[in-house]
Amino acid sequence: MRIAIVGASDSVEKIYNILSKKYKKIEFILKKEDKIENTLKIIKEIESEVEGMYLTGIGVYYSLLNNKELEINKPVVYTKRGSIGLIKSFWELQKDSLVDDNMRLGWDIVEEHIFTEVIKEFDIKLKGSYYQKYEPDKTENEYLENYLEKYKSKEINCIFTAFGYIYNKLKEKKIPVYRLQATNIEIENEFVSLLNKIENSNDKGSKLGIQIIKIDSKNNELDKNNLKNKIEIEKRLLEYSKKVEGNIQISDDREYMIISNIDILQNRENLKNVFLLKKELEKQNEKLLIGIGEGNTVFQAERNARGALKLSLNKEGKIFYSNGKVVKGPLLNSKELEYKRYSDERIKTMAEEIEISPIYLEKIKSMIKKKKKNSFTSIEIAEVLNITTRSVNRIIKKILEKDYAEIVQVENSITAGRPRRIIKFKL
């Protein structure tokens, strides 16, 4: 078996040194590139030569995930940065005698609540801090410029970064900087996850599905009760993964990925089980966001599941499904719709003429098909489009002006206010 390790030079070396000692029968192909934007070309070139790819960090991974033109058919994982790597950076900082009462620290990638926990555990007093959360659309140079600006204004005087490129640039400028590296345990766990994905992708007899379950917690600080809740949640998710004959993997401490057959994941009874878990956790102030994706490969299924997860986030935790072409949801809901993610030329042309998003037209088309009628009130349309009635009225005005709809009736509303119009669509 051949596995590619792609990313920042120091991380590639570290991952290789850890894995090559234990997995002697695997041939590792090392591809070193500190600049994230240059790694996509390398990944494209190497994909056909390997069974899977191990990326060195979240930046490389999400650049790949968000690049719709680059279709990857091989399983992919990346190293996560957690509390242990952060602790190691603090140890190095203390060893260099840089910890003092004037400490102003900038850091990235590692989640804010983990940083807070470590600071509290080590009783470190900071004069100030600056966090750069990972954002897929943000370039490495933007992260770097933000750090340089904060350093120049003396808002920070030391930096912890997970980016190899930023680390090297700050080193060149002689700015105090420490590398947030993944630990041996995190690297080995992720590699086991990659091997599992490769095994799943080789099972040609099943349609691959991935269910991503993210815990959107209101309890950011980790105390004994929250830790107990976390253990209980993971126990329940493990039980659920067995019911759906799935392989559960932890993406980070608040995100879980279940790989299974898509038909099993979409089974009505299994969806009811996860809905029940959702309701129980909401009583504990823990909201579950759930996206289900289907694909020919694990990577495709995950990409589609993440698209569905975004919809769950936007629509108050409801569950959505996507196969890259079609979106379905909210699942098990009276307002469930199935609509195209990408429109045909006719709908695109119509949307351009009306000057609205083609997704709105796709949803209205889906509503017409489901309800078996083509006349609706603004309130009904607003519920389907998940926007305000005021926004819907603006959209309807544009559609009416281009003669793709007409007002067929005006109803008196039950309460005081404007009469309700009934709009008949000509789609």
*Asks:* Hey, does Lys25 have a side-chain heavy atom less than 4.5 Å from the side chain of Met1?
*Replies:* no
*Asks:* Would you say Glu140's side chain and Ile36's backbone share a donor-acceptor pair under 3.5 angstrom?
*Replies:* yes
*Asks:* Between atom CG of Leu144 and atom CG of Asn141, what is the distance when rounded to the nearest 0.5 Å?
*Replies:* 6.0 Å
*Asks:* So do Lys340 and Glu362 actually touch side chain to side chain, heavy atoms under 4.5 Å?
*Replies:* yes
*Asks:* Is any side-chain heavy atom of Leu288 closer than 4.5 Å to one of Ile215?
*Replies:* yes
*Asks:* Would you say the side-chain atoms of Asn157 pair up with the backbone N or O of Asn102, donor to acceptor, closer than 3.5 Å?
*Replies:* yes
*Asks:* Determine whether Leu170 and Leu148 satisfy the following criterion, side chain to side chain contact (heavy atoms under 4.5 Å, CB included), listing intermediate values before the conclusion.
*Replies:* CA-CA 8 Å; Leu170 292 174; Leu148 292 174; 3.9 Å; yes
*Asks:* Under 4.0 Å between a side-chain nitrogen and a carboxylate oxygen: does that hold for Lys197 and Glu302?
*Replies:* yes
*Asks:* Is it the case that over 12 heavy atoms from other parts of the model lie below 6.0 angstrom from the NZ atom of Lys138?
*Replies:* yes
*Asks:* If the threshold is 4.0 Å, N to carboxylate O, is there a salt bridge linking Glu92 and Lys88?
*Replies:* no
*Asks:* Could you pull out every donor-acceptor pair under 3.5 Å between side chains of residues 181-188 and any protein atom, sequence neighbours left out?
*Replies:*
| from | atom 1 | to | atom 2 | distance (Å) |
| --- | --- | --- | --- | --- |
| Gln181 | OE1 | Ser11 | OG | 3.1 |
| Gln181 | NE2 | Asp10 | OD2 | 3.3 |
| Thr183 | OG1 | Glu186 | N | 3.3 |
| Thr183 | OG1 | Glu186 | OE1 | 3.1 |
| Glu186 | OE1 | Thr183 | N | 2.9 |
| Glu186 | OE2 | Gly82 | N | 3.3 |
| Glu188 | OE1 | Lys22 | NZ | 3.1 |

*Asks:* Tell me if the NZ atom of Lys363 is crowded by more than 12 foreign heavy atoms within 6.0 Å.
*Replies:* yes
*Asks:* Report the relative orientation of the aromatic rings in Tyr143 and Phe163; use parallel for angles under 30°, tilted for 30 to 60°, perpendicular for over 60°.
*Replies:* tilted
*Asks:* Would the distance check show the side chain of Arg303 and the main-chain N or O of Leu64 forming a donor-acceptor pair, the cut-off being under 3.5 Å?
*Replies:* yes
*Asks:* Between Tyr321 and Gln266, do the side chains contain an N or O donor and an N or O acceptor separated by less than 3.5 Å?
*Replies:* no
*Asks:* Does the side chain of Glu294 come within less than 4.5 Å of Leu208's, by heavy atoms?
*Replies:* no
*Asks:* So Ile26 and Lys24, do their side chains get closer than 4.5 Å, heavy atoms only?
*Replies:* no
*Asks:* Decide yes or no for Met103 and Leu93: does some side-chain heavy atom of the first lie under 4.5 Å from some side-chain heavy atom of the second?
*Replies:* yes
*Asks:* Is it true that atom OH of Tyr16 has more than 12 heavy atoms of other residues, nucleotides or ligands lying nearer than 6.0 Å?
*Replies:* no
*Asks:* Between the side chains of Glu255 and Lys214, is the shortest nitrogen-to-carboxylate-oxygen separation below 4.0 Å, so that they form an ion pair?
*Replies:* yes
*Asks:* Output the distance between atom CD1 (Ile347) and atom OH (Tyr339), rounded to the nearest 0.5 Å.
*Replies:* 14.5 Å
*Asks:* Scan side-chain atoms only and decide if Asp108 and Tyr147 contain a donor-acceptor pair under the 3.5 Å cut-off.
*Replies:* yes
*Asks:* Decide if atom NZ of Lys243 counts as having more than 12 heavy atoms of other residues, nucleotides or ligands within a radius under 6.0 Å.
*Replies:* no
*Asks:* Mind checking whether Tyr54 and Tyr78 have ring centres under 6.0 Å apart?
*Replies:* no
*Asks:* Are side-chain N/O atoms of Gln211 and Tyr256 paired as donor and acceptor at under 3.5 Å?
*Replies:* no
*Asks:* Decide, yes or no, whether a salt bridge links Lys80 with Glu190 under the criterion of side-chain N to carboxylate O below 4.0 Å.
*Replies:* yes
*Asks:* Assess whether a salt bridge exists between Glu13 and Lys32, defined as any Lys/Arg side-chain N lying under 4.0 Å from an Asp/Glu carboxylate O.
*Replies:* yes
*Asks:* Can a donor-acceptor pair be found, under 3.5 Å and without considering hydrogens, that links the side chain of Ser260 to the backbone of Val244?
*Replies:* yes
*Asks:* What closest approach, in Å, do Thr56 and Val60 show between heavy atoms, and which atom pair accounts for it?
*Replies:* OG1-CG2, 4.4 Å
*Asks:* If every non-hydrogen atom of Ile3 is compared with every non-hydrogen atom of Ile198, which pair is closest and at what distance?
*Replies:* CD1-CD1, 3.6 Å
*Asks:* Can you see which heavy atom on Leu265 is nearest to which on Leu271, and at what distance?
*Replies:* O-CD2, 3.7 Å
*Asks:* Would you please name every residue forming a side chain to side chain contact (heavy atoms under 4.5 Å, CB included) with Ser241, sequence neighbours left out?
*Replies:* Leu238, Ile248, Ile258
*Asks:* I would like to know whether Tyr130 and Glu155 meet side chain to side chain contact (heavy atoms under 4.5 Å, CB included); could you show each step before the answer?
*Replies:* CA-CA 8 Å; Tyr130 171 61; Glu155 291 177 63; over 6 Å; no
*Asks:* Does the side chain of Glu336 come within less than 4.5 Å of Leu331's, by heavy atoms?
*Replies:* yes
*Asks:* Quick one: list whatever passes side chain to side chain contact (heavy atoms under 4.5 Å, CB included) with Ile42, sequence neighbours left out.
*Replies:* Val6, Lys31, Glu33
*Asks:* Could I get the full list of side chain to side chain contact (heavy atoms under 4.5 Å, CB included) partners for Asn304, not counting sequence neighbours?
*Replies:* Ser322, Arg341
*Asks:* So, Arg2 and Glu27, do they make that salt bridge, N to O below 4.0 Å?
*Replies:* yes
*Asks:* In Å, rounded to the nearest 0.5 Å, how long is the span from CD1 of Ile364 to CD1 of Ile381?
*Replies:* 6.0 Å
*Asks:* Flag the pair Phe191 / Phe28 as yes when their ring centroid distance falls below 6.0 Å, and as no otherwise.
*Replies:* yes
*Asks:* Rounded to the nearest 0.5 Å, how far does CD of Gln132 lie from NZ of Lys150?
*Replies:* 9.0 Å
*Asks:* Using 0.5 Å steps for rounding, measure from the NZ atom of Lys171 to the CD1 atom of Ile159.
*Replies:* 12.0 Å
*Asks:* Does this structure show an ion pair linking Lys370 with Glu338, if we count only N-O contacts that are shorter than 4.0 Å?
*Replies:* no
*Asks:* Compute the centroid of each ring, for Phe90 and then for Phe160, and state whether the two points are separated by less than 6.0 Å.
*Replies:* yes
*Asks:* Listed by chain and number, what are the side chain to side chain contact (heavy atoms under 4.5 Å, CB included) partners of Ser378, not counting sequence neighbours?
*Replies:* Thr389, Val392, Asn393, Ile396, Arg421
*Asks:* Salt bridge check: are Lys398 and Glu401 linked by an N-O gap of less than 4.0 Å?
*Replies:* no
*Asks:* In residues 349-359, what donor-acceptor pairs under 3.5 Å come from side-chain atoms, sequence neighbours left out?
*Replies:*
| from | atom 1 | to | atom 2 | distance (Å) |
| --- | --- | --- | --- | --- |
| Thr349 | OG1 | Glu345 | O | 2.8 |
| Glu353 | OE1 | Tyr404 | OH | 2.7 |
| Ser357 | OG | Ile359 | N | 3.2 |

*Asks:* Using modelled atom types only, decide if a donor and an acceptor are shared between the side chain of Glu142 and the backbone of Thr139 within a distance under 3.5 Å.
*Replies:* yes
*Asks:* Any side-chain heavy-atom pair from Leu126 and Arg104 closer than 4.5 angstrom?
*Replies:* no
*Asks:* Could you grab the distance from atom CD1 of Ile109 to atom CD1 of Ile114, nearest 0.5 Å is fine?
*Replies:* 11.5 Å
*Asks:* Could you tell me whether Lys335 atom NZ has more than 12 heavy atoms of other residues or ligands within 6.0 Å of it?
*Replies:* no
*Asks:* Would you sort out whether Lys169 and Tyr165 count as a side chain to side chain contact (heavy atoms under 4.5 Å, CB included), showing the intermediate values?
*Replies:* CA-CA 6 Å; Lys169 286 292 180 184; Tyr165 170 76; 3.6 Å; yes
*Asks:* Could you walk me through whether Val76 and Leu55 pass the side chain to side chain contact (heavy atoms under 4.5 Å, CB included) check?
*Replies:* CA-CA 7 Å; Val76 180; Leu55 310 182; 3.5 Å; yes
